[in-house]
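Numbers here are sequence positions counted from 1. What's counted below: heavy atoms across the whole structure, side chains too, no hydrogens, waters or symmetry copies.
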Amino acid sequence: MRVATLAAVGLGLTSLLTGNVPASATPSHQRLVWGPCSPQQQELNEAGAQCAKVTVPLDYSDPGGRTIRIAVSRIKATAKHGQRRGVLLSNPGGPGGTGLTSTLYLRPALKDVADRYDLIGFDPRFLGESTPLTCDPAAPVPAPGPVTTRREDFEQSVRSARDTARRCQEHGDNARLLPHATTRNVARDMDAIRAALGERRLSYYGVSYGADLGAVYTQMFPRRADRIVIDSSTDPTATQYELFQRAGKPLEEALDAWAGWTARRDGTYRLGSTPAEVRASVQLLLDGAERRPVTVSGVRLDAPVLRLMLRQFIQHEEYDPALAGTVRDLTDAAAGRPVEPGPELAAMLEMLASPELADSMLGGTLFMCGDRGWPAGGWPGNPETYWRNMERSRAAQPVFGPLVNSMIAPCAFWTSTSREPATVIGNDVPVLMLQARRDNNVPYEGALALHHRLTGSRLVTADIRSHGVYGRGLDGLTPVPCADAAVDDYLRDGTLPGADLTCPRTGEDR
């Protein structure tokens, strides 16, 4: 479950290469000490990986100042020396996702191609084992009462956002650290990893936010980019908040598709025999929860939480049965009938009860609120702006409009932001792009906009509802063989497709 903004045109090559920071600020002469990964990284140790720390400047404009340490993992290439290509870095998305173990999930997708690269994972700065940044402990979030209103739910989200901003910015010396939690600095850290590994160039695979990170790297370090693959990317002319808002339309379209699927199985789910009836069942559930939260297994679920649940399930076609079963359980619970939650709803309830839940999105907050330009920024400062946008959205996007227009992150109250300009997107570095045509997390039109600016790119489109295209089979989802082959061929021999291509659908006719 991953959840991703943007710039102008016309700076010279020097600005693109260095991002207003001298290229020499990247420390290039380090002797890395490789050894076993930390005990917490059991999977990496069992896979024979090694780990090390790369020292980088906190502030690249002050290379002689304070430093931080970036945790990296390595699974070495097994190909003969003449067949080894170099290093392949990866990032699993977020923003805020840790990536030390991303190599473990990428390796089986690459098959024989993995033998040609040292696979390098890393935790971005301030996350995981890379000089982690922490906040003051969160106060317990009050459970919803037996009755509520739309406005009460919104006011609770404002209080929570304000508290998150306060406890993060006032903790320790975070006020000094937070302005350096930016995508541009993560890209610089990636280049520092490349230099510390003694490599002239860097190959890369990134998905979701990781795709945007890869695009930023190609702008800042175009001569050091080798074979770059970005999967599920965004529009480099929109702000982060605009990107969330733009997801509303494809989310509603995805719900229409799901409603059609569910209507054809009315005997199983009893939510309606037509798509309109199924949608009406969902709307009735949400409208009721905006007055009386739904109680399941002793847990009250208000409408904002229900919308989040729906969004998680609607991302992938293969989750349609799980979504239908969950809506059936919630509908029964709302009617006062006894419910034994299905496995998917039970997992959601367990997550909601986790004491770590309040801090689980802090990594994303650091970058969504700290960046000024793509892939973040643009958050309104007035809470009433969010409220007005939420209410206006209901006419055209009744299910997901109030979610994607809401105060998703505490950025309205964030004061520690970078002073750097946004990243300029636009050069001819070769890049392989992948995008699902019906991605309702990062809409397809955004990838087209990025593709247009990356003039050396090729776009592989998968006509599916999904967030992420490459290696889907490893997650138990229907694979897209032609997309998998395009990635493997490019990383193997450096050949991009001769033209953009659309992969044929595979699997069940939905």
Side-chain angles (χ1 to χ4, degrees), residues 3-6 95 141-142 144-145 147-166 168-169 234-235 237-256 279-280 282-293 301-312 314 361 364-365 367-415 417 422 440-443 445-446:
V3 190
T5 33
L6 315 184
V141 178
V147 295
T148 188
T149 66
R150 295 178 186 174
R151 185 69 194 195
E152 287 178 26
D153 291 344
F154 174 71
E155 292 294 345
Q156 175 55 43
S157 73
V158 173
R159 287 191 293 271
S160 176
R162 183 181 282 111
D163 180 67
T164 297
R166 176 200 58 77
C168 284
Q169 294 176 120
T234 61
D235 182 350
T237 64
T239 69
Q240 180 72 58
Y241 184 55
E242 287 170 338
L243 290 172
F244 274 100
Q245 291 177 299
R246 291 179 186 182
K249 183 175 182 289
L251 280 166
E252 297 287 341
E253 292 171 348
L255 193 69
D256 287 337
R279 282 206 63 134
V282 173
Q283 198 63 54
L284 184 65
L285 174 67
L286 292 172
D287 290 346
E290 289 180 329
R291 299 186 299 272
R292 294 182 178 276
L301 307 172
D302 56 21
V305 169
L306 295 184
R307 286 186 164 94
L308 278 171
M309 288 183 174
L310 295 175
R311 177 164 190 172
Q312 295 303 328
I314 205 70
M361 292 299 293
T365 294
F367 290 92
M368 285 195 293
C369 300
D371 269 343
R372 292 181 62 190
W374 191 57
W379 298 94
N382 183 355
E384 288 304 310
T385 301
Y386 299 90
W387 171 252
R388 289 192 297 269
N389 291 342
M390 291 167 65
E391 291 301 289
R392 287 194 200 104
S393 72
R394 290 175 179 271
Q397 299 168 10
V399 172
F400 293 107
L403 172 63
V404 300
N405 288 277
S406 66
M407 185 171 285
I408 297 153
C411 304
F413 308 107
W414 208 256
T415 58
T417 57
N440 52 61
N441 200 321
V442 291
E445 290 72 19

- Message: Is it true that, when you exclude Arg291 itself, more than 12 heavy atoms of the residues, nucleotides or ligands shown sit nearer than 6.0 Å to its CZ?
- Response: no

- Item | Heavy-atom pair of closest approach, residues Ala409 and Ala161 | O-CB, 4.4 Å

- Message: Treating Ser160 as the side-chain partner and Gln156 as the backbone partner, does any N or O pair qualify as donor plus acceptor under 3.5 Å?
- Response: no

- Report yes if the side chains of Phe400 and Asn440 come closer than 4.5 Å at any heavy-atom pair, otherwise no. no

- Less than 4.5 Å apart, any side-chain heavy atom of Arg388 and any of Asn405? no

- With a 4.5 Å limit on heavy-atom distance, are the side chains of Leu243 and Val442 in contact? no

- Query: Are Arg279 and Pro398 close enough that some pair of their side-chain heavy atoms sits under 4.5 Å apart?
  - Reply: yes

- Task: Compare all side-chain heavy atoms of Glu445 with those of Lys249 and state whether any distance is below 4.5 angstrom.
- Result: no

- Query: Is a side-chain donor or acceptor of Asp163 paired with a backbone partner of Arg159 at a separation under 3.5 angstrom?
  - Reply: no

- Message: Can you confirm whether Arg292 is buried at CZ, in the sense that more than 12 heavy atoms of other residues, nucleotides or ligands lie under 6.0 Å from that atom?
- Response: no

- Pairwise side-chain contact, Pro383 with Phe413, heavy-atom cut-off 4.5 Å (strictly under): yes

- Item | Contact summary for Gly401 and Ser393, nearest pair of heavy atoms | C-OG, 3.0 Å

- Task: Would you check if the side chain of Gln169 reaches a backbone N or O of Ala165 as a donor-acceptor pair within less than 3.5 Å?
- Result: yes

- Are any of the side-chain heavy atoms of Gln245 and Tyr241 separated by less than 4.5 Å? yes

- Query: Any side-chain heavy atom of Val399 sitting closer than 4.5 Å to one from Leu286?
  - Reply: yes

- Message: Phe154 and side-chain contact (heavy atoms from CB on, under 4.5 Å): which single residue from Glu152, Arg150, Arg151 fits?
- Response: Arg151

- Nearest-0.5 Å distance that lies between atom CZ in Arg311 and atom CG in Leu255: 13.0 Å

- Which value, rounded to the nearest 0.5 Å, describes the distance between Glu384 atom CD and Glu391 atom CD? 10.5 Å

- Task: Hey, could you give me the CD/CG distance between Glu290 and Leu306, rounded to the nearest 0.5 Å?
- Result: 9.5 Å

- Note on the structure: Between the OG1 atom in Thr149 and the CG atom in Asp302, the distance rounded to the nearest 0.5 Å is 11.0 Å

- Query: So Tyr386 and Val158, side-chain contact (heavy atoms from CB on, under 4.5 Å) or not? Walk me through it.
  - Reply: CA-CA 10 Å; Tyr386 299 90; Val158 173; over 6 Å; no

- Message: Any side-chain to backbone donor/acceptor pair from Trp379 onto Met368? Under 3.5 Å, distance only.
- Response: yes

- Met390 side, atom CE; Gln397 side, atom CD - distance, nearest 0.5 Å: 12.5 Å

- Message: Nearest 0.5 Å, please: how far is OG1 in Thr239 from CZ in Arg372?
- Response: 13.5 Å

- Message: Using every non-hydrogen atom in the two residues, find where Pro250 and Pro443 come nearest and quote the distance to one decimal.
- Response: CG-CG, 3.8 Å

- So which heavy atom on Pro410 is nearest to which on Thr365, and how close? CG-CG2, 3.5 Å

